[in-house]
Protein chains: 2
Amino acid sequence: MENKNPIQVADRLFGALELLAEHGDMGLVEVSEMLGLNKSTAHRVLNSLIYMGYAKQNKENGRYEPTLKTVATANKIMGRIDVIQTVRPYLRRLMEMSVETVHFVRLEGCEAVYIDKVEAPGNGIQMVSRIGSRLPLYCSGVGKAMLARMEDQEVREIWEHSDVRALTEHTITDYERFQEEIHEIRRRDYALDNEENEVGVRCIATAFEIPAGDGRYAFSISAPAGRMSEERIRELAGYILKIKAELMKEWQL
Amino acid sequence: MENKNPIQVADRLFGALELLAEHGDMGLVEVSEMLGLNKSTAHRVLNSLIYMGYAKQNKENGRYEPTLKTVATANKIMGRIDVIQTVRPYLRRLMEMSVETVHFVRLEGCEAVYIDKVEAPGNGIQMVSRIGSRLPLYCSGVGKAMLARMEDQEVREIWEHSDVRALTEHTITDYERFQEEIHEIRRRDYALDNEENEVGVRCIATAFEIPAGDGRYAFSISAPAGRMSEERIRELAGYILKIKAELMKEWQL
DNA sequence: AATACAGTTCCATATTACGAAACAAAAGGA
DNA sequence: TCCTTTTGTTTCGTAATATGGAACTGTATT
């Protein structure tokens, strides 16, 4: 059998808090039943949360709800996190799995900005470091991956503010076509850049958000088109989604 | 004397969690000293947090750090919040204090979108409801208020993606001048729209962010230029900052 | 008015958290 | 290298603490 929590009330306190977080507002008996607690015990637990400012009681109907103090605490935690440092080991593993160069970008305004990269070794000519440089959203894997996680309105919004032009013969410049592409990306959770930004370079990318912060991020695997067959892309898609899942797991998202 | 927490350990559990949230990573004795606890008690409390997934111990040096589970819980709370419903009472009070029409907007892409408004009564011709309609950031009070809370890079980014044109003779179209304006807004925490968007209409606006969500918001007081003297603006600035402070207090931000 | 159900308070009880002390394992100095 | 100091971990008798049954109050519902 598993070992117990060294403090029993802790389970009840945090259990109640999580319950309120999930259900929004609850009655006392409701809480007590869901946690398997005596009405009296639940009452004391909830009052303790209220005393500390993590919950409050609606004056009207007496129901209990969570406050935003949890959010404030969460913000402090997020504030100390260095996204680049935390994500780097994952990027490194992704590079090792794919043996291709991996990029990490962040959304700023209507563009993506390179904030980190892990170069594949012995890839002949090393590209100039792109850290800090920007690229449009509509014609990049990382950009499309991030767009796909926004609402349609916002996608349209950014499309209209972008200087859409055919950078290569593969660049998507028709909005109808672009919308289909976005839906496709939503379905499979990764985006492809099929030489849309630069001739001879294909990318596969996926995006995520960091709550409690203005964070929209994406990372990608880039390689010469010659090394990116249909089958190879499927393989890389597996890698990139696996790494992302691990990251999300560590981050409890 | 104040009444005590109905559960003493609760103070210690959440105290430890908040401590970790603030300091990032701490040693056991450090925690025990700051909370005035016995080393042994601190150890049990921290292990309880670890057991529940709210903290973890660094394998390398044995130090304790918070996990992102708190953030996940905070997200659930934020996810249930209806920003418009929550903010409306504040907007209403602001309207009552100023007896002017109040607007509430949200940032979407590179534009502001009206999401709510509280009309001042008996203001003659009621303007057509603008809910859902969009306006540029560079030439509106709410837009500038939101921009002022971003980093310089992102401001520049959005400026460059905006179709900057002189909608009125007061519109700021020079970037140097605009930057000064932004710095001024940061200093006083509210923005002015001096007929920059529409002739004869002045606004005063302030912005805020909602963590754990992609939320950048702003609200404003709009009135005919004739009712917006220097002195009246100072008065309204007081109102709008007061209301914002109250909102931030309720939201624990 | 009667009933049912929600939240609140009380209190004797034993369960639970407490902390001193002893232990283990690194880190730092001589 | 050895000794000292510091930090994390475990134990255990004890006292304080959380527990939950029951009684109480207030508010909807019939």
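All chains are named by letter (A, B, ...) in the order of the sequence lines, taking the proteins before the strands, and each is independently numbered beginning at 1.
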Enumerate all atom pairs, one protein N or O and one N or O from nucleotides 13-15 of chain D, separated by less than 3.5 Å.
none

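For Arg63(B) against dG8(D), a side-chain-to-base donor-acceptor contact under 3.5 Å is absent.
Close to dT19(D), at under 4.0 Å from its OP1 or OP2, lies no side-chain N or O of Gln8(A). Under 4.0 angstrom from either OP1 or OP2 of dT16(C) there lies no side-chain N or O belonging to Arg44(B). Between dT8(C) and Tyr64(A), a contact under 4.0 Å exists linking OP1 or OP2 to a side-chain N or O.
Under the 4.0 Å criterion applied to side-chain N and carboxylate O atoms, Glu96(A) and Arg93(A) are not assigned as salt-bridge partners. The residues Glu18(A) and Lys76(B) are annotated as not salt-bridged, no charged nitrogen and carboxylate oxygen being separated by less than 4.0 angstrom. For the pair Asp152(A) and Arg186(A), the salt-bridge criterion is met [side-chain N within less than 4.0 Å of a carboxylate O]. With respect to the salt-bridge test (charged N to carboxylate O, under 4.0 angstrom), the residues Glu30(A) and Arg63(A) qualify.
Counting only distance, with no hydrogens or angles, the side chain of Thr67(A) and the backbone of Lys56(A) share no donor-acceptor pair below 3.5 Å. Although no hydrogens or angles enter the test, the distance criterion places no donor-acceptor pair under 3.5 Å between the side chain of Ser32(A) and the main chain of His43(A).
Here the P atom of nucleotide dG28(C) and the CG atom of Asn61(B) are 12 Å apart, to the nearest Å. The nearest whole Å value for the distance from the CZ atom in Arg12(B) to the P atom in dA17(C) is 12 Å. With rounding to whole Å, Ile7(A) atom CD1 is found 13 Å from dG19(C) atom C1'. Per the geometry, CD belonging to Gln57(A) stands 13 Å off P belonging to dT27(D), to the nearest Å. Separating the CG atom of Leu13(B) from the P atom of dT16(C) is a distance of 15 Å, rounded to the nearest angstrom. Rounding to whole angstrom units, CD1 of residue Ile50(A) and P of dG7(C) are separated by 11 Å. Regarding Asn58(A), its CG atom lies at a distance of 15 Å from the C1' atom of dT27(D), rounded to whole Å.
Residue pairs meeting the ring-ring contact (aromatic ring centres under 6.0 Å, His included) criterion with at least one member in residues 4-25 of chain A, sequence neighbours excluded: Phe14(A)-Phe14(B), Phe14(A)-Tyr54(B).
Summary of the strand contacts: Val45(B) and Gly62(A) both lie near DNA chain C, and taking for each the nucleotide with the nearest heavy atom, the more 5' one is attributed to Gly62(A).
Contact check of residues 16-43 of chain B against DNA chain D (heavy atom, cut-off under 4.0 Å) returns Gly27(B), Leu28(B), Val29(B), Lys39(B), Ser40(B), His43(B).
Other residues, nucleotides and ligands place more than 12 heavy atoms under 6.0 Å from the CZ atom of Arg188(A).
In this structure the side chain of Val83(B) never reaches within 4.5 angstrom of the side chain of Arg106(B), judged on heavy atoms.
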